[in-house]
Structure formats: C-alpha cells, structure tokens
Amino acid sequence: MANNSSDLVVETFKLTKIYQNRQIALNDVTLRLERGCVMGLLGSNGAGKTTFLRLLIGLHRPTAGWAKVFGKFMTPNAADLRRRIGYIPTNPQFPRGMTPITYLDYMARLFGLPREVRKPRLASLIRAVDLLRVSGDPIAGFSNGMTARLAIAASLINEPDLLVWDEPTHGLDPEARRSMLELIKTLAREKTLIVSSHNLSDIDEVCNHAAVLSHGQMIYCGALQDLKGRMRRNHYELDLEGDQKALAKAAQVIRALPEFRMVNLKQRRLELYLQDDAVNTAALANVFMTLNDNKVTLISIRSVGQQTEQAFLDLVEKEESRGFARIYQPEAA
Amino acid sequence: MDAVADKKPVAFNRWLPYWAVFQSDVRQTLRSWVYRFWVLLTVLAAVGYLLYNFGIYHEVGIVQSASLHISKLLYWIVVVSAVIICVLTAGSITAERGTMADSVLSRGISRHQYFLGKWHARLATVLGTFLLLGALILISAWFLLHEDLSWHGSLVALMTVAVLLGAVITCGVTVSAIANSTVLGIAVLWTILCAAGFLLQFLPARYLSPDRALQRLPFILQGHYDLNGLAEFAGWAILVSCITALIGLAYFSRRDV
C-alpha cells in the first residue's frame with residue numbers, strides 16, 4: 001500500500017507461523033500498511049487472523065519471515081514498540097480480584113506511565129467508556145458489554161498510534177456494537193487501525209482497506225473499494241409507488257430489455273437481475289426511463305446483498321477453485 | 001496552553017512494568033490458598049511441636065535441647081515447604097497463560113522484565129515469610145525450651161535453609177516459564193528436585209550437600225559450624241539458582257504465549 005518504508009506502520013514479509021510442526025496457521029503473508037489506514041482483517045474461523053495479530057504484537061514468534069512495526073522488527077522483548085500499540089484480544093480476560101480502576105492502573109504501569117500521567121488518564125477513560133458508576137466493583141461480575149468497554153479503555157491508556165483490535169464487536173448487543181463502530185470511526189481520524197471481524201458489515205462501515213485470509217494465506221490485500229469492485233453488481237431491488245396496472249406494464253417493458261435475464265414484480269417491489277455482460281448504468285438508465293414513461297415513482301433502489309460479504313465470498317470461492325494452482329500467488333494479492 | 005502541555009512526550013519509567021508485575025504477583029501470592037495453607041500448616045506444626053516439648057520440660061522436668069528440636073522442626077518445614085513451594089511456584093507463569101498474554105505481555109513490558117518480576121516476587125514472598133516464621137520459632141524456642149541456641153548460629157541456620165528454598169523457588173519459576181501446564185510443571189519440578197537430591201548424596205564427603213547441611217543444623221544452631229563450608233554451600237546454591245533463572249529467562253523470552 002505504501003512504497004516508502006518510512007511511511008509504513010506495519011510491514012510483514014513472508015510471515016509464516018507453524019505451530020509445533022503440526023498446524024500451519026499462517027503462510028507467507030506479505031503486507032504493507034501505511035499511516036492512517038483502517039484495515040479490516042477478514043477470514044473465516046481458523047483462517048489465521050488472530051495468529052497474524054499476535055505475531056504483529058510479539059506474543060508469538062514467526063516460524064519464518066518477519067514483522068516490522070513502526071519500521072522496527074517486532075520481537076517478544078520489543079517493549080518500546082508495544083508502548084505505541086493498543087491491543088484488544090477476541091475475548092478479553094482480566095486478572096481476578098481487580099476493579100476497573102486497579103486494572104487500568106496496572107495496565108498503565110505496564111506501559112511505564114508515571115503516576116502524574118496515568119492517574120488522570122485512567123479517570124478520563126473510565127468516564128469516557130461509561131464505567132464511572134462501577135469503577136470500584138470487581139470486574140468478575142461485569143457483562144460482555146462492560147468488559148468490552150474496559151478492554152477499549154485499556155487499549156487506549158497509552159494513547160497508541162496503532163490499534164490492533166481482534167473482533168471488537170464480538171458478543172456485543174446492537175447498541176454497544178453501534179457505539180464501538182462510532183468509536184472506531186472517531187479513532188480512525190488520527191490513528192492507524194487493524195480490525196479483525198467476522199461481521200463483514202462492520203468492516204464495510206469502518207474500514208478503508210481490507211486483507212482477506214484463507215487457510216492462513218492472504219488472498220487479497222488492498223483498498224476495500226477495490227475488493228467491492230470485484231463483485232458483479234447484477235441484482236437490484238426497487239421499491240416503487242404508482243398504479244398497479246402501470247407497475248405491471250412497466251415491468252413487462254423492462255422484461256423485454258436485453259440487459260436483464262430476470263425481472264420479478266412482487267407487490268410494489270421490482271427485482272432486477274442483470275445479464276453478466278450488461279453495463280449496469282445503461283441498464284438502469286433504461287429502467288428509469290421506462291418507469292418515468294409509465295408515471296411510476298421510485299421510492300428507493302439498492303444493490304442486493306452485502307457488497308463486502310459478497311466480494312469476500314467470491315474471493316474465497318475463487319481461491320478454492322484454483323486447486324493446485326494455489327501454489328502460485330493469486331493475481332489479486 | 002493546556003493542549004500544548006498534553007502533547008509533551010511522556011517520560012516512560014522503564015522499570016515501572018517490572019515493579020508492577022512484582023507488586024501484582026506479591027499480592028496474588030499472598031491471596032492464594034496454597035500460600036495461606038502453607039503458612040497455616042507451618043504455624044500450627046511449630047506451635048504444636050514447641051508446646052509439646054515445653055510441656056515435657058515444664059511438667060516432667062526433662063531438659064529439652066532447643067537446637068535439637070528446632071533443627072528437627074526446620075528440617076520438616078523444609079521438606080513440607082518444598083512440596084508446597086513446588087505447587088506455589090510451578091504455576092506462577094503457566095497458570096496465567098490466557099490472561100497473561102492478553103492483559104500483560106501485549107503491553108509495554110519485555111519478557112525479561114516479566115520473568116524477573118515474577119521470580120523476584122516469589123522469592124521475596126516465600127523467603128520473607130519463611131524468615132519471619134523461622135525468626136518467630138527461634139524466639140519462641142529461646143523462651144520455651146532450654147536455651148542452647150546461639151544468635152549468630154540461628155541466623156546462619158536460617159540463611160542456610162533460605163538459600164536452599166531459594167533454589168527450589170527459582171527452579172519452580174523456571175519450570176513454570178517452560179512448561180505448558182501447571183500440573184506438568186509440578187510433576188517435572190518434583191522429578192528434578194528428587195533426582196537432584198538423590199544425585200547430590202553421592203558428592204564427596206568434603207562437600208556439603210543439601211541433606212548434609214540439614215543434618216548439621218543442630219550444631220549450626222548451637223554456633224558450631226564451618227563458615228567457609230557453609231558459605232561455599234550457599235554460593236553454589238545461589239549460582240545454581242542464577243543459572244536456572246537464566247535458562248528460564250532465555251527460554252521464556254523466545255517462546256509463544
């Protein structure tokens with residue numbers, strides 16, 4: 001993504017992790033991430049997302065290849081590098097018998113923050129993540145949402161330049177999930193983020209870059225828009241308003257257009273399936289003209305299916321279909 | 001102005017992470033039921049044994065040698081403590097593997113600092129407790145039993161046992177840094193300690209093995225000891241501890257967590 005190494009926040013080269021010669025968790029991953037990127041890490045269960053993130057923060061050592069963060073090699077002893085990283089694991093766990101205040105104080109001390117810095121900062125964070133009321137209660141009794149908020153506070157206590165969040169919306173209710181996504185959008189203005197998630201709509205909403213892992217191999221890395229651009233946009237739904245006879249007549253005219261392979265009218269909803277080789281803008285222009293001729297009003301139009309999800313599934317399917325040719329790097333990577 | 005002040009680079013305290021782990025581990029050890037069980041057992045055994053011998057001396061009039069009884073007591077405290085210390089130390093790192101990696105090692109701390117923090121915390125807690133209990137036992141014996149103890153001999157005896165326990169604690173923390181589970185760690189540690197104890201019996205007579213050092217405790221308590229021999233013994237124990245800790249440190253700083 002960046003050509004100049006000095007601009008890179010994260011750089012990996014042929015990063016490979018094999019656990020005890022039994023499991024290949026990550027295979028030959030090369031990636032370059034520049035400052036200000038919000039990268040969504042996509043992949044099914046066991047694709048290697050968590051392994052990749054743990055290698056990035058030095059919890060694991062690579063079997064081969066290397067990972068650089070802020071231009072320096074990441075190792076288990078690279079405490080200086082980790083002072084600039086905020087990490088949230090998939091299921092954050094907390095030491096027993098601690099309260100949010102003692103936990104955040106402990107985390108801040110682990111970053112080497114002196115008292116005059118850490119005390120005001122932890123107080124601000126507890127207030128920001130809305131844990132003020134329970135700041136003296138044991139963490140053991142917290143709900144998923146509360147522990148997620150505490151994990152966010154812990155990952156921000158050192159004011160990091162790079163945030164590595166592993167499935168941050170996992171197990172959150174819709175309200176908490178919405179707050180998390182809004183927070184990511186806010187943080188994205190000044191920080192670099194790597195967000196792993198199963199929920200592709202989350203990635204779609206907050207990320208501008210994507211990396212797709214499949215069976216430990218990176219099959220796509222680039223702009224999210226490019227990933228979505230790979231998907232064939234051939235299914236649209238239109239909500240219409242107008243006389244039922246006029247709607248039926250318009251549908252009949254559209255059916256006759258060569259760009260469409262199927263047109264269904266259900267009540268006031270028109271489903272359009274384009275031919276594979278059709279140009280969608282031209283086809284839709286014809287549809288709008290037909291609707292206008294029949295005095296039908298358009299209420300809404302949408303491309304059916306999550307674009308990122310569809311693109312992701314297409315990519316994985318394509319990768320699977322390459323069979324033994326997977327030995328060579330896919331063209332897209 | 002405030003905004004400018006906030007942007008000033010933070011002066012990180014490099015040893016604060018080590019100190020945080022040290023303090024946290026001391027607190028954690030003091031709260032653990034294994035530690036409390038060890039303290040309770042030692043106190044009950046010492047009180048019971050001392051009162052029993054005091055009763056014989058007071059009621060029957062048979063003179064009880066403090067040095068003899070204290071050395072017996074110390075010997076059994078060492079044997080039983082070694083078992084409990086194995087459990088207490090072999091889980092110091094392995095028991096935290098899930099939370100440790102996520103909550104602690106993903107922050108601004110190096111593996112070296114983490115290992116040293118844990119090691120020193122366990123040494124301080126267990127040895128501190130042992131020395132405190134040992135001192136209380138000696139003071140009690142001074143008043144309850146026949147006072148054939150010497151103060152400097154008592155101090156040397158306590159230090160001799162302490163370096164032995166220190167070596168056990170170090171082995172425990174090292175095994176904990178290497179093993180994947182606490183149960184496996186305890187099993188490995190016990191095997192190592194038993195094997196080492198057995199092999200050290202075959203040392204030439206002029207060298208002081210752990211068993212021989214414990215056998216000489218009655219004389220040491222009376223003040224009759226070879227300071228050079230004991231210093232050599234302590235030196236070897238400290239050297240073994242340091243080498244063991246270095247192995248654990250090197251291994252832990254390269255392993256996945």
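Per chain, numbering begins at 1; letters A, B, ... match sequence-line order.
- Contacts of A/Pro76 with chain B are made by both backbone and side-chain atoms, with heavy-atom separations under 4.5 Å.
- Ring geometry for B/Phe22 against B/Trp19 counts as parallel: the plane angle stays under 30°, on a 0 to 90° scale with 60° as the upper cut.
- Note on A/Met107, A/Glu116, A/Arg83: by heavy-atom pairs under 4.5 Å with chain B, the leading option is A/Arg83.
- Ranked by non-hydrogen atom pairs under 4.5 Å with chain B, the options A/Lys17, A/Arg84, A/Met98 are led by A/Lys17.
- Using a 4.5 Å cut-off between heavy atoms, A/Asp80 touches chain B through its side chain atoms alone.
- A salt bridge does not link A/Arg177 to A/Asp173: none of the charged side-chain nitrogens sits closer than 4.0 Å to a carboxylate oxygen.
- The environment of A/Tyr19 atom OH is dense: over 12 non-hydrogen atoms of other residues, nucleotides or ligands sit within 6.0 angstrom.
- Between B/Phe252 and B/Tyr114, the ring center distance clears the sub-6.0 Å criterion.
- Only the side chain of B/Ser24 comes within contact range of chain A, judged by heavy atoms closer than 4.5 Å.
- The list of salt bridge (charged side-chain N to carboxylate O under 4.0 Å, His left out) pairs with a residue in residues 172-182 of chain B, not counting sequence neighbours, is empty.
- Looking only at side-chain heavy atoms (C-beta outward), B/Leu214 and B/Val161 come within less than 4.5 Å of each other.
- For A/Arg118, the part lying under 4.5 angstrom from a heavy atom of chain B is the side chain only.
- Neither the backbone nor the side chain of B/Gln28 comes within less than 4.5 Å of any heavy atom in chain A.
- Here B/Pro17 is the residue among B/Gly117, B/Ser253, B/Pro17, B/Ala11 with the most heavy-atom pairs under 4.5 Å with chain A.
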Solution key, residues 76-90 of chain B side-chain donor-acceptor pairs under 3.5 Å, sequence neighbours excluded:
| residue | atom | partner | partner atom | Å |
| --- | --- | --- | --- | --- |
| B/Ser81 | OG | B/Trp38 | NE1 | 2.7 |
| B/Ser81 | OG | B/Ile77 | O | 2.5 |
| B/Thr89 | OG1 | B/Ile85 | O | 2.7 |

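- Interface residue B/Arg255: only backbone heavy atoms are found under 4.5 Å from chain A.
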